[in-house]
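Letters go in sequence order (proteins before strands), and every chain restarts at 1. As the structure is a computational prediction, the values presented were derived from the model and not from experiment.
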Amino acid sequence: MASEQELSTSFIPALYKPAALLPIARHKKSLLYLVEKYPVTIVVGQTGSGKTTQLPQYLDQAGWCEDGKIIAVTQPRRVAATTVATRVAEEMRCKVGEEVGYSIRFEDLTSPATRIKFLTDGMLLREALVDPLLSRYSVIMVDEAHERSLSTDVLLGTLKKIRKKRPELRIIVSSATLQAENFLRFFAGEEYQPEAEPADLGGSVGRIISLEGRMYPVDMLFLDSPAEDYIERAVKTVFDIHTQEPEGDVLLFLTGREEIDTAIQLISERAVTLHPKAPSLLPLPLYAGLTTEQQMYVFEPTPENTRKVIVSTNIAEASVTIDGIVYVIDSGFAKLRAYNPKTGIDTLTAVPISKASATQRAGRAGRTKPGKCFRLYTQQAFEQMPAATVPEIQRSNLAPVIMQLKALGIDNIVRFDFLTPPPAELIIRALELLSSLGAVDDYAKLTKPLGMRMAEIALDPMMAKVLLVAPSFNCLSEILTIAAMVTLQGTVWVQHAGDKRSAESHRRKFAVEEGDHLTYLNVYQAFVTKGKKDSKWCRDNLLNYRALLRAVSIRGQLKRYVERFGIQVDETLSSRHGAADLSKQQEQIRRCLTTGYFAHAAKMQPDGTFKTVSGGLTLHAHPTSLMFNRKADWVIFHEIMQTGEKTYIRDVTKIEKSYLLEYAPDYYRVRQ
DNA sequence: GAGCACTGC
């Protein structure tokens, strides 16, 4: 007989609502019927409907994991894959990695016993490289498909192709209301019947099923005339809520760090004028650039007699959920990244959000009780918003996507079945770049072995090329490190607000005059010799400990790729001594970088700005770059981005003009 | 003098 102790440890934590009470429970039969009968099921349901946690368990119970088959559930974000797996494992009373597991880059918590597997959609695409028909899976559920991330879109196209060869495969797409028909139309193709009753739209291919969420009503309030300054209006609204509305925390959506800091300052200043006995206001910032500890404040319970005001970027729209929010203030704007194929430059600008985004933001007010959403725009402006945000695949540099598709054996990109095809110009521009890198031939086929190998490595094509030619420059070990560090995307250093001078002096300790890439190499080498077991060493040097640990993992993974290609990595080279040797080695590294980044070259002007090779554009070294306050002649850079009025280059390294002509003669002959 | 959010065996 089990002791009381044993019994009590097997109880499900009361934290979670018993599964049977979730709205999805009522739909169990019809869900299982649809999945049994149709190859494709589109599930419409909001957060809280239980689709992500319950549906996989229903499928498992109904026998979809017999004969060793697995149910896959994909997520656009790593944290979602891990947290949902943990929760489902608790409900099924097993450990993560047993019947329920997850798989994300660098973390595979699955075993031969795993029947339900949560993974990022990028990860499932990686699996398709090895197992093109994804034959281990009986059901693949693509969750949060309405977010239309790059990987989700590529995955959906790939699944449509796989379905033709595997009619027994079941595909479940989970989506918000607005896009459900698009997904069904996509999979049903010619069988889609626009004139049919809603219940028959998808012919014999699929059906849509709706699960209502566990949402409370949210009152919508619009401005009657447009706001001249939405930050000012937002702050005013915060105080109106604080003085006139019952208790409950406020979530304010703005576009970026600068606006958030301004708003928080205004709120703090004005809070002093509140009546001494009135409840106090606690404004808190939330954006991705904050450290994890700084972000944690928003999740702490609100102190007594206080109202929390969380001032956030888009991160709180889908990625982060905060309890206790009753009031949402929506500026109606978000910063979005877009790629301009004409200039090859990424832009980051504030643009009006879509109706779908506005609805999602408002929904954040109704998670625990009825709420209110104050929209800082008119109803007319809302009507004019686009229905949905332009999918990433239509506003991104497609070079990495094209490499990925080609690695999956999809050669004719133009004929690939995209949910929404990207503009031809984006495809042409990407193919031009891949051709100049030698990754594809005149028929746009992957070259052997260079293009094939580039496609297999999890790196941006320019860096992939650099890595694969590194052995001929005798600097493979160093490039492995540089590639890993650049992948961290500027998270190497931690920023401390108001501590700019000390940040700069710390960076100077590791500085290499030739530029950011060699400085990264220095930082990494210092980290593995001095700081790998010592997070204090990182704190003292304003370095991001977790980011550097990640660099170690990425480097290890890249090294395994290279070794699989039969290329030896000589790690003794990086510890060579002597000034002459060092300078020679640094030159080799700069030459090697140029073989991949020749299209990202610029010349410094007397005033310290840069001009592109064609001469058209004025570029500024990003303030985080070593080249921000140094002299150079020619440079190559990793990234170019336009924000506001200025165009910045980041991760910049000095080169000689002669390198460009030596390593990219064709590219530069045309442009001279 | 400064950057929304994600991701990859």
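- Heavy atoms of A:L459 sit under 4.0 angstrom from at least one base atom.
- Side-chain contact between A:Y102 and A:L119 is absent, with no heavy-atom pair separated by less than 4.5 Å.
- Salt bridge A:E513/A:K631: absent, no basic N to carboxylate O contact under 4.0 Å.
- Atom pair A:L558:CG and B:dG8:C1' shows a separation of 10 Å (rounding to whole Å applied).
- Rounded to whole Å, the distance from CG on A:L290 to C1' on B:dA5 is 14 Å.
- Salt bridge A:R77/A:E144: absent, no basic N to carboxylate O contact under 4.0 Å.
- Looking at heavy-atom distances under 4.0 Å, A:I315 makes contact with sugar-phosphate atoms alone, never a base.
- Computed from coordinates, the A:E317 CD to B:dC4 P distance equals 15 Å when rounded to whole Å.
- Summarising the geometry, the separation between CG on A:L155 and P on B:dG8 is reported as 13 Å, rounded to the nearest angstrom.
- Defined by atom type and a distance below 3.5 Å, a donor-acceptor pair is missing between the side-chain atoms of A:T83 and A:T86.
- Below the 3.5 angstrom threshold, one finds a donor paired with an acceptor across the side chain of A:Q489 and the base of B:dT7.
- Across B:dA5, B:dG1, B:dG8, the shortest atom-to-atom separation from the side chain of A:K646 is found for B:dG1.
- One can place CD of A:E456 at 13 Å from C1' of B:dG8, the figure rounded to the nearest angstrom.
- Applying the 4.0 Å criterion to OP1 and OP2 of B:dC6, one finds that A:S149 has every side-chain N and O outside that range.
- One finds no side-chain N or O of A:R650 lying less than 4.0 angstrom from the OP1 or OP2 phosphate oxygen of B:dA2.
- Remark: the A:H622 side chain and the B:dG3 base include a donor-acceptor N/O pair separated by less than 3.5 Å.
- Taking every side-chain heavy atom of A:T120 into account, B:dT7 is the closest of B:dT7, B:dA5, B:dG3.
- Aromatic ring centroids of A:Y597 and A:F637 lie 6.0 Å or more apart.
- Note on A:S319: every side-chain N or O is 4.0 Å or more away from OP1 and OP2 of B:dA5.
- Mapping A:K335 and A:R550 onto DNA chain B via the closest heavy atom, the residue that lands nearer the 5' end is A:K335.
- Side-chain proximity of A:R77 to B:dG3, B:dT7, B:dG8: nearest is B:dT7.
- In this structure, A:E639 reaches the bases: a heavy-atom distance under 4.0 Å links it to at least one base atom across the strands shown.
- Straight-line distance from the CE atom of A:M641 to the P atom of B:dC4: 10 Å, rounded to whole Å.
- Residue contacts shown for A:A334 are absent, as no nucleic acid heavy atom lies under 4.0 Å away.
- Using a 4.5 Å heavy-atom cutoff, the side chains of A:R148 and A:L419 are in contact.
- The side chain of A:T624 lies closest to B:dA2, out of B:dA2, B:dA5, B:dG8.
- Among the protein residues, A:F106 comes within range of no part of the nucleic acid, since none of its heavy atoms lies under 4.0 Å from any strand.
- For A:F628, whose side chain is taken as the heavy atoms from C-beta onward, the closest listed nucleotide among B:dC4, B:dG1, B:dA5 is B:dG1.
- A straight line from CD of A:E107 to P of B:dT7 spans 12 Å, rounded to a whole angstrom.
- As judged by a 4.0 angstrom heavy-atom cut-off over every strand, A:E392 is placed among the base-contacting residues.
- Taking atom CD of A:Q75 as the reference point, atom C1' of B:dG8 lies 16 Å away to the nearest angstrom.
- Comparing B:dA5, B:dC4, B:dG8 by their nearest atom to the side chain of A:R105 picks out B:dG8.
- The existence of a salt bridge linking A:K51 and A:D143 is confirmed by a sub-4.0 Å separation between a basic side-chain nitrogen and an acidic carboxylate oxygen.
- Across the interface with DNA chain B, nearest-nucleotide mapping of A:R78 and A:E258 shows A:E258 to be the residue nearer the 5′ end.
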